[in-house]
Amino acid sequence: MSGPDGMIQEIENPEEVEQRLCDLRLLEALLFASADPLDEETLGRRLTRDADVRALLEELRVHYAARGVNLIRTGAGWSFRTALDLAPLLRPEEEVSKKLSRAAIETLAIIAYHQPVTRAEIEAIRGVATSKGTLDILMENGWIRPGRRRETPGRPLTWITTDHFLDHFGLETLRDLPGVEDLRAAGLLDSRPVLLGIGGAGLEDAESSENTEDSDT
C-alpha cells in the first residue's frame with residue numbers, strides 16, 4: 001500500500017479511490033484479526049463485489065515489507081507474521097517442545113517430497129513398517145492430511161501435506177522445499193537410502209497433485 005497519494009495517481013475517480021481505501025483497510029483488519037491464514041476467496045466475500053483481491057493483497061504486502069510485521073502467503077492463505085529479523089528479539093525465553101521421533105521426521109519428509117503417497121510406499125522408501133501412531137502425530141500437528149484413494153487394487157489412502165505445514169516451516173509453496181544438496185550441506189541427509197527419491201524435478205508433480213487434491217475435495 002503506497003498510501004492515498006499513490007493510489008489517487010492511479011485512480012482518477014474520487015469515489016473509486018475512497019472505495020479502494022475502504023477495501024484495503026477492511027482487508028488489513030481481517031488479516032490482523034484472524035489467528036489463521038485466510039484465502040483470497042474468504043477475503044473477497046467481505047470486500048466490494050468488483051474488488052481485485054490479489055492486487056489489494058500485493059499492495060499491502062509491499063506496504064508492510066519494511067515494517068515490523070510482514071504480509072506473507074503460505075499455500076492458499078495470507079497472514080501477518082513478525083519480520084524475520086525481529087523474531088529473535090521477541091523470544092527472551094526459548095520454548096522447549098517435544099522433539100519428533102526420527103520415524104516421524106522421515107515420514108513427514110517422504111510425504112512432503114513424494115506426495116501423494118500411500119503408507120505402503122512410505123514403508124518401501126524407509127525400509128521399515130510405519131506405525132499408525134506416527135501418522136497420527138503428524139496429523140495432530142496439522143502437517144498432513146488424507147488425500148484421494150489410489151485407483152489401484154484395495155484403493156489405498158494417500159497422504160499429502162497441508163497449508164499449515166507450509167506456514168509452520170515458513171514455505172510459500174512446495175517449490176521452496178530444500179533440494180538434495182541443501183539437505184546434505186545441512187547434515188540432514190545421510191548415506192542410508194531414506195530420501196533417495198528427493199529431487200527438484202519431483203516438486204512440480206507434488207505441487208500439481210496437491211492442487212488436484214484441493215480441487216477435488
Side-chain angles (χ1 to χ4, degrees), residues 1-92 95 112-113 115 141-145 147 160-179 182 200 202-217:
M1 184 168 59
S2 55
D5 294 339
M7 286 180 286
I8 290 174
Q9 292 176 3
E10 298 174 9
I11 304 175
E12 296 181 357
N13 187 331
E15 292 183 0
E16 291 184 20
V17 172
E18 184 177 352
Q19 187 58 63
R20 184 170 181 180
L21 283 171
C22 180
D23 284 336
L24 280 167
R25 293 180 66 238
L26 178 56
L27 193 62
E28 187 177 32
L30 289 169
L31 290 165
F32 265 118
S34 177
D36 301 309
L38 298 175
D39 58 48
E40 293 174 20
E41 182 180 354
T42 300
L43 293 167
R45 288 198 293 267
R46 304 296 298 273
L47 305 180
T48 53
R49 185 179 305 173
D50 58 347
D52 187 340
V53 180
R54 174 59 64 86
L56 292 171
L57 286 167
E58 289 297 339
E59 195 164 345
L60 280 176
R61 171 144 67 172
V62 171
H63 176 67
Y64 280 95
R67 293 176 173 257
V69 291
N70 300 147
L71 179 61
I72 63 171
R73 181 170 68 89
T74 51
W78 292 78
S79 60
F80 282 110
R81 291 288 184 268
T82 302
L84 290 178
D85 61 317
L86 297 179
L89 302 177
L90 301 180
R91 298 193 190 106
E95 263 186 48
Y113 283 95
Q115 60 187 300
N141 280 286
W143 294 337
I144 66 170
R145 67 177 176 84
I160 59 177
T161 56
T162 65
D163 281 351
H164 182 62
F165 165 81
L166 296 175
D167 185 42
H168 182 87
F169 291 99
L171 305 172
E172 185 166 320
T173 70
L174 292 173
R175 295 176 186 274
D176 296 326
L177 285 167
D182 296 322
L203 295 185
E204 288 188 17
D205 295 336
E207 196 164 51
S208 174
S209 298
E210 181 186 29
N211 292 335
T212 300
E213 299 290 351
D214 291 338
S215 64
D216 290 340
T217 53

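Quick note: residue numbers are just sequence positions, from 1.
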Would you check if the side chain of N70 reaches a backbone N or O of I72 as a donor-acceptor pair within less than 3.5 Å? no
Taking all non-hydrogen atoms of both residues, which atom of S79 and which atom of D167 are closest, and how far apart? OG-OD1, 4.4 Å
Applying side chain to side chain contact (heavy atoms under 4.5 Å, CB included), run through R145 and I160 and close with a yes or a no. CA-CA 6 Å; R145 67 177 176 84; I160 59 177; 3.3 Å; yes
In Å, rounded to the nearest 0.5 Å, how long is the span from CG of L177 to CZ of F169? 10.0 Å
Would you call the rings of F32 and F80 parallel, tilted or perpendicular if under 30° counts as parallel and over 60° as perpendicular? parallel
Could you tell me the separation between the CZ atom of R45 and the CG atom of L38, rounded to the nearest 0.5 Å? 10.0 Å
Minimal non-hydrogen separation, W143 against F165, with atom names: O-CB, 3.4 Å
Report yes if the side chains of L57 and L31 come closer than 4.5 Å at any heavy-atom pair, otherwise no. yes
Hey, are the side chains of T161 and L166 touching, using non-hydrogen atoms and a 4.5 Å cut-off? no
Show the nearest heavy-atom pair for residues R73 and E172, with the distance to one decimal. NH2-OE2, 2.8 Å
So, for L171 and T74, which heavy atoms are closest and what is the spacing to 0.1 Å? O-CG2, 3.5 Å
Sidechain-backbone polar pair: E58 side chain, A55 backbone, donor-acceptor under 3.5 Å: no
Atom pair CG (L56) and CG (L43), whose distance is rounded to the nearest 0.5 Å: 10.0 Å
Kindly give the heavy-atom pair with the smallest separation between P37 and R81, and that separation in Å. CG-NH2, 4.1 Å
Which value, rounded to the nearest 0.5 Å, describes the distance between L21 atom CG and L26 atom CG? 12.5 Å
Starting at NE2 of H168, measure out to CG of N141 and round the result to the nearest 0.5 Å. 7.5 Å
Taking every non-hydrogen atom, the tightest pair across L47 and D23: CD2-O, 3.7 Å
